[in-house]
Amino acid sequence: MGTEVISASNSGISRALLEWYEANHRDLPWRRNPEPYRVWISEIMLQQTRVETVIPYFERFLDRFPTLSDLAAASEDEVLTLWSGLGYYRRARSLLAGAKTVIEHHDGVFPRNYEAALEIPGVGPYTAAAILSVAYGEPWPVLDGNVERVLTRILRLADNPRKAATKKYLKEIAGGWMPRGKASSFNQAMMELGALICVPVSPSCAACPVHDACAAAEHGDPENFPKLPPRRKTVAVELEAGIIRRGKRYLLERNEDLDYLEGLWGFPLARPDSGGIAFRLRKKLATSIEEGAELKAIRHSITFRRLTLRPRILEAGSFSTRGKPSFRWGRAEELGNVLPVSSLCLKIADRLS
DNA sequence: AATACGGGGGG
DNA sequence: CCCCCAGTATT
């Protein structure tokens, strides 16, 4: 196989890859019964997110919303609550909107047509190809980060895979290698190889089924591929959280003015450079606020921001949350179970117990 | 074409 | 601790 020419039709690579996949693929919940609805949920959750992280979320989600109709009838808050901690919360909102779209425009069945799939909120080129190939066997090649890595290494291609032209080229290669009738296992095999063997750092080339056809492995520099543009540099952000307790309940606020975690509940936050959380709540709640103990700082990353959050215990005078829809009281156990929250909020709550 | 949206895992 | 990863929607 080492002397074979890599081309738009390389059956050696496909055969070795599929054989490896059959013997080594992981037993994942959505692979057991790959019906469109389940594959759809899994693919949305798997965007930017690891398999191990997704599994428990997927199980809970399917438990609560066994069918597309169940999901389409849900409230956004309930969907977000099940998404709490998973991140990229727009995915949850799009998924709900997408479920309604499929009910309304496709008789409740995820479309089998690529262009129609792309019209569904939250479904882009990758997800459309993934769902159509895995659930319906339609021959659309997927190109996700794993496949980009596998292909640029095999080809030793230094082009930036973020560029549209590179994506187009890589998709053509993948499509050319896809054996007839094997769209589902071929696509999943490419991604599985990227996830288990052809990993970003220290890939297991010795265990790779397509090692002999891989230019980067032969050259000894797989880690140099893909060649990605530099990422945005991180920005440090300081935040204070106010902890106000009444019995078993804490004062919570719905994020509105933050550029992130919008619509999620959490402990009230403020930038220290704008007067701090005590000052802010004094004005918002029109009551007296005394500063108490400061808890150990929490580090949390949100895209390019590196947050340092200092929780501070506060003692408030009397006030009411009536007429203030962005405030409410809630027990710690309700966070992520009844109320949609982020991981940041759960980290703070952990500090309180 | 560029930018922003979360979060967790590995070294 | 820092560095790694990466689909979609928006602009």
Side-chain angles (χ1 to χ4, degrees), chain A residues 39-57 80 82-98 101 117-131 140-152 159-168 170-171 187 191 194-196 198-204 222-237 239 255 258-264 266 297-309 336 340-348 350:
Chain A
V39 174
W40 181 16
I41 304 303
S42 72
E43 289 300 342
I44 300 297
M45 288 186 170
L46 286 164
Q47 289 169 7
Q48 317 291 84
T49 313
R50 317 179 130 72
V51 163
E52 309 79 57
T53 305
V54 165
I55 290 173
Y57 282 89
L80 281 170
L82 281 162
W83 214 268
S84 292
L86 196 55
Y88 288 120
Y89 298 94
R90 186 172 58 191
R91 293 182 297 173
R93 296 184 167 106
S94 298
L95 182 57
L96 176 56
T101 302
L118 280 185
E119 293 295 310
I120 296 167
V123 177
Y126 161 76
T127 306
I131 297 172
W140 296 96
V142 293
L143 190 64
D144 73 341
N146 288 310
V147 179
E148 284 174 11
R149 193 166 55 251
V150 169
L151 289 176
T152 53
D159 297 354
N160 177 359
R162 299 278 200 270
K163 297 283 182 193
T166 313
K167 286 185 188 293
K168 182 167 179 282
L170 292 177
K171 242 186 249 192
N187 278 343
M191 296 190 280
L196 299 181
C198 196
V199 294
V201 180
S202 305
S204 308
E223 287 191 6
N224 290 347
F225 302 89
K227 283 217 181 312
L228 298 171
R231 64 192 71 238
R232 191 212 214 276
K233 71 168 188 278
T234 60
V235 175
V237 175
L239 281 177
N255 286 324
L258 244 42
D259 293 332
Y260 39 87
L261 308 181
E262 199 180 303
L264 301 182
I298 289 164
R299 313 281 300 205
H300 186 79
S301 289
I302 294 181
T303 63
F304 61 88
R305 290 173 256 265
R306 212 166 58 206
L307 311 183
T308 302
L309 181 140
V341 301
S342 69
S343 275
L344 173 60
C345 174
L346 295 173
K347 282 184 190 175
I348 301 171
D350 278 347

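The structure displayed is predicted, hence computed values, not measured ones. Within every chain, numbering begins at 1; the chains are lettered A, B, ... in the order of the sequence lines, protein sequences first and strands thereafter.
Between A:S342 and A:R232, the residue anchored closer to the 5' end of DNA chain B is A:R232, taking for each the nucleotide with the nearest heavy atom.
If you check every strand for non-hydrogen atoms under 4.0 Å, A:S343 touches sugar and phosphate atoms only. Within 4.0 Å of A:T49, counting heavy atoms only, lies at least one base atom of the nucleic acid. Residue A:R93 is classed as having no contact, given no heavy-atom separation below 4.0 Å to the nucleic acid.
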Tell me which donor-acceptor pairs under 3.5 Å the side chains of residues 222-235 of chain A have, and how far apart each pair is, sequence neighbours excluded?
residue: A:E223; atom: OE2; partner: A:S202; partner atom: N; Å: 2.6
residue: A:K227; atom: NZ; partner: A:N224; partner atom: O; Å: 3.4

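For A:T49 (side chain) and A:L46 (main-chain N/O), no donor-acceptor pair under 3.5 Å exists by modelled atom type.
A:A92 pairs by the side-chain contact (heavy atoms from CB on, under 4.5 Å) definition with A:V79, A:L80, A:W83, not counting sequence neighbours. For A:R162, there are no salt bridge (Lys or Arg N to Asp or Glu O under 4.0 Å) partners, not counting sequence neighbours. Listed by chain and number, the residues in a side-chain hydrogen bond (donor to acceptor under 3.5 Å, both in side chains) with A:S301 amount to none (sequence neighbours excluded). The side-chain contact (heavy atoms from CB on, under 4.5 Å) test applied to A:D159 returns A:L157, A:T166, not counting sequence neighbours. Under the side-chain hydrogen bond (donor to acceptor under 3.5 Å, both in side chains) criterion, A:K167 pairs with A:E148, sequence neighbours left out. Applying the side-chain hydrogen bond (donor to acceptor under 3.5 Å, both in side chains) rule to A:R299 yields the partners A:T308; only residues at least two apart in sequence or on another chain are considered. A search for side-chain contact (heavy atoms from CB on, under 4.5 Å) contacts involving A:L258 returns A:N255, A:Y260, A:L269, not counting sequence neighbours. Scored by the side-chain contact (heavy atoms from CB on, under 4.5 Å) test, A:S84 finds A:P340, A:V341 as partners (sequence neighbours excluded).
Chain A approaches DNA chain B within less than 4.0 angstrom (heavy atoms of the protein), and the contacting nucleotides run 5' to 3' from B:dA1 to B:dG9.
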| request: Starting from the C-alpha separation in whole Å, work towards a yes-or-no answer on side-chain hydrogen bond (donor to acceptor under 3.5 Å, both in side chains) for A:E262 and A:Y89. | output: CA-CA 9 Å; A:E262 199 180 303; A:Y89 298 94; over 6 Å; no
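Taking atom C1' on both C:dG7 and B:dG10, the two are 23 Å apart, rounded to the nearest angstrom. With C1' as the reference atom, B:dG8 and C:dA9 are 24 Å apart, rounded to whole Å.
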| remark: Writing each nucleotide of DNA chain B 5' to 3' as (, ), [, ], | or . by Watson-Crick or G-U pairing under 3.5 Å yields |||||.|||||
| Where protein sits on nucleotides 6-11 of chain C, one letter per nucleotide: B base, S sugar-phosphate only, - none, heavy atoms under 4.0 Å | BBBS--
